[in-house]
There are 2 protein chains.
Amino acid sequence: MLDATSSYKPTDRAPPPVDESDERQDRRIVPETTRRADRLPGNRYGNRPTMKDVAARAGVGLKTVSRVVNGEPGVTPDTERRVQEAIEALGFRRNDSARVLRKGRTASIGLVLEDLADPFYGPLSRAVEEVARAHGALLINGSSAEDPEREQELALALCARRVDGLVVIPAGDDHRYLEPEIRAGVATVFVDRPAGRIDADVVLSDNYGGARDGVAHLLAHGHRRIGFIGDMPRIHTAAERLRGYRAAMEDAGITVDERWMSLGATNPQRVRRAAEEMLSGTDPVTAIFAGNNRVTVTVIRVLAEHSRPVALVGFDDIELADLLQPGVTVVAQDAAALGRTAAERLFRQLEGTLLAPERIELPTRLITRGSGELPPAV
Amino acid sequence: MLDATSSYKPTDRAPPPVDESDERQDRRIVPETTRRADRLPGNRYGNRPTMKDVAARAGVGLKTVSRVVNGEPGVTPDTERRVQEAIEALGFRRNDSARVLRKGRTASIGLVLEDLADPFYGPLSRAVEEVARAHGALLINGSSAEDPEREQELALALCARRVDGLVVIPAGDDHRYLEPEIRAGVATVFVDRPAGRIDADVVLSDNYGGARDGVAHLLAHGHRRIGFIGDMPRIHTAAERLRGYRAAMEDAGITVDERWMSLGATNPQRVRRAAEEMLSGTDPVTAIFAGNNRVTVTVIRVLAEHSRPVALVGFDDIELADLLQPGVTVVAQDAAALGRTAAERLFRQLEGTLLAPERIELPTRLITRGSGELPPAV
DNA sequence: CGCGCATCTGACAACGTTGTCCAGGCTCTA
DNA sequence: TAGAGCCTGGACAACGTTGTCAGATGCGCG
C-alpha cells in the first residue's frame, strides 16, 4: 500500500455533522484558510450537490435525474429541461465513484511502466492512452523505477481501484501476485518484457532478431571484434539482445571474447568505463553494439572523444540520430505500436472473449545512417 | 471455496451462496467466453470476495475485518490472525471505490497535459507522479493534444472521478468551466501556462526573460538580423517568448522586420519553410531564435543543409544537443521542477490551508554550446 | 461474589449512484 | 365509455466500505 508521508491524509476523518445555522456561523468566523477542505454543509465532497439535490430542485424523482444524466429514454422533453436547468444551476457533476461501485466497471485502465520520463515510454504511454480514450476509458499510470517491489505495490493499488485492466511493463520476474486479480477478471497485458511465472498476454519487440540483424550488419561491413554493452541480463530485453549478439557472432564463426561484453551497465559511468576498456589494449573492438538508447547515447559521447573511428549500432532509435556526424545506425523498435497493440489486446479481453494468452512479437527495423557502415579501423 | 462453517445471516440479502459442487459444474458447463464478465457466484467484480466474505470465513463481524484491513487498533492478535488468514485464502483486496465513496477522498490527482509523448512533458509528468507518490496518491493523466475542448472534457472527467486535485497544462484560454469544481474543493494548479479567466495558482517558466536573454546572447555576438520562429501567439508561452524577443531587439535599438518573424509554425513543414524564407532573399537573417524544442529540431535540420553558418539559440533543451556540430545553445527550462513545484503547491492546498492564488515563476538557464556563439556570416 | 470498567466486537446506517419494479395517467380501440 | 396497453416517474434496494454506538466479555477490586 502507498503510505502517506505528510499530513495530507486521503483517509480523512468525517467532519462532524453541523446543522445549517451553525454552519452559517462557521462561514463567518472560520478563517478562509480552514475552509477549503472542511467546507460545510452537506456531504464530504465539499458542498457538492448530489442527484438528490438536483431532483429536489427540479421537483422530480431521483431516478428521473439519473435518467437524464445518462441519456436514458423515458423522460419528457419538459421534464428533461427542468432537470437540465437544475443541474446547470447547482453545478452538479455525477460522482463516478458511486457509479463505479454500482456498476462494477470503472472505465479506467492502469499502466505500470518503468519511467515516464524515458523517451521510449512517452510514446508508448501515449499510444495506450489513445486506445483507452477510443474506448471511453481513462488511463492511470505510474512508474516502477525498475523496482519489482514498487511495480507490485503499484499494480495492486491499481487493482484496488478496480481498474478494468492493467498494462504492465514488468520490472520484476514473478507476477504470481496478480493471479487473484486476473482470476477476478482484471484484464492484463504485459508489454516490452514477458510476465514472470504466470501465463498472460505479452507484446514485445523482436529483441533477439533485432540485435542479431544489427550485429550481422556490422559483420557484413567487415567487423570481427564487436563489443556488446547492455543492461543486466535479468531484464528480459537485455538477455534477448545479448542472445541475438551471440547468435550473429556464432553464425559468422567468431568466438566471442568475454572482454567484448559488458552486462549490467546501468549508469553512464559504467557504460563509459566499459566502452573505454574494450576500445583499449591489444585487439580492441572495431565496432560496438549498444543494447539500449541510454547506452547508445553514452557510447556516442565516448566515441566522439576517441581518435580512431569505431562503428556503432544502437538498439532503440534516438532523436536527432540523423544529425550527428556520422548519423547513428540503429535497430528501431516502434514504442507506439507496442503500446497500441497491447492496449487493443486489453480491450479485446474486456469485450468478453476470453482469449488464450498469446505472445505477440513486433518486428524491429534497421535504420542505416552511417555509424554502422564504417569499416573496421586499426 | 467457502468455508463449510460459514453461514449467511438471515439479514443477508446477497444471492444465495453456490456450494462447491454447483460451482464446479458451472465452471465446466459455461463456455469460457462468457465467463470472465459473468463469472458466478457473487458480485459484479468477477467473483471478488468482499469484506463480508472474509468476515464469514474468519467467523468474525464485518467491521472487524475493516479494522484489520485498515490497521485500526482494538483487535486481539488472535482475531487479527484469523482475519489475515481468511484474506489470504480468499485473495481479498479492498475495493477502493467503495472506500472512496464512503470517505470522500480518492487519494488520486489528475494531470491534464498536452502530449505525453513530448519529451518536455515526460519529466514533468514524472515529477508530478513522484510528489503524488510521496503523498500516497495515484496519478491519472491524459493528453489534451492542444485541443481546448478535449482539455475540458478530460478535466471534467477527472473531476467526476473525484480526484482530490488537478494539475492542468492549459490548452484553452477559458477555464471558467472549472469554477464549480474549485468551489467544491478540487485543488487546482496550472503549469507551464496560466489559467484563463479564473484566478488560480500557476507555475511557469520565465518565458519572457529566458527568450530575452537568449536573443540578447545572439545580439552580444554581433547579430542584428535575428529571426524568430515560434508557436501560435494564442499559446501563452509562445506569446511571452515573442515578447522577450521583441524586448531584446528593442533594447538593442533594432527595428524588427516582420519577415524575420514566423508565428504559428505548428508543424515541421511550416517551420522548414519559414526558416528557408528568412534565410534567403536580400538581407537574410544571420541568426535564428527557435521558440520551442520542436522548432529547434527542425531548424537544426534546415541549417545542416544550409551552406552559410547561421547562429541558433533554442528555447527548451534537447537531448544530444551537445553532440551536434556545433553544439546547440539553448535556453533551458526545468520541466521536472515545474511539475514538482506545481504538485507540491497542490498538496499544500489539500492540506487545508487555502492559499491565495499565486503565480510562481521559475528561472531559465542559458546553456552555451556553440551554435549561439557563431558570429554573423554574410 | 457481584459490580464496574476497560477492552473487544458487531449491528446498523450512510456514502451517491443505478437497476427493478410498480403506480398512475394517458391514449387507443372496441 | 370501459378496458387494455403504453409511457413516464418515483420508491426502494443494492453496490462494498467505514463511522457510530451499543452490546458482550473478561478482569480486578471491593
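Residue numbers start from 1 in every chain, and the chains themselves are labelled A, B, ... in the order their sequence lines are given, proteins ahead of strands. None of these values were measured; they are calculated from a predicted model.
- With hydrogens and angles disregarded, no donor-acceptor distance shorter than 3.5 Å links the side chain of A/E181 to the backbone of A/V186.
- Shown here is A/E88, whose CD atom has no more than 12 heavy atoms of other residues, nucleotides or ligands within 6.0 Å.
- Considering only the side chain of B/T79, C/dT9 comes nearest among D/dA14, C/dT9, D/dT18.
- A/V69 comes within 4.0 angstrom of nothing in the nucleic acid, heavy atoms only.
- Scanning atom types as modelled, one donor and one acceptor separated by under 3.5 angstrom connect the side chain of B/K63 and the base of D/dG19.
- One can place CZ of A/R99 at 17 Å from C1' of C/dC15, the figure rounded to the nearest angstrom.
- Between the CG atom of A/D96 and the C1' atom of C/dT18 there is a distance of 13 Å, rounded to whole Å.
- Put simply, the side chain of B/R162 does not reach to within 4.5 Å of the side chain of A/D96, judged on heavy atoms.
- A straight line from CD of A/E80 to P of D/dT8 spans 11 Å, rounded to a whole angstrom.
- A straight line from CG of A/L62 to C1' of D/dA13 spans 12 Å, rounded to a whole angstrom.
- The nearest whole Å value for the distance from the NZ atom in A/K103 to the P atom in C/dT20 is 10 Å.
- Residues B/G61 and A/A98 both approach DNA chain C. Their nearest nucleotides, taken by heavy-atom distance, put B/G61 toward the 5′ side.
- For A/V75, the listed nucleotide lying nearest its side chain is D/dG9; candidates were D/dG9, D/dT17, C/dC8.
- Rounded to a whole Å, the CD atom of A/E72 is 15 Å from the P atom of C/dC21.
- Here the P atom of nucleotide C/dA14 and the CE atom of A/M51 are 20 Å apart, to the nearest Å.
- Classified by interplanar angle (parallel below 30°, tilted 30° to 60°, perpendicular above 60°), the ring pair A/F190/A/H175 is perpendicular.
- The CZ atom of B/R67 sits 6 Å away from the C1' atom of C/dT9 (whole-angstrom rounding).
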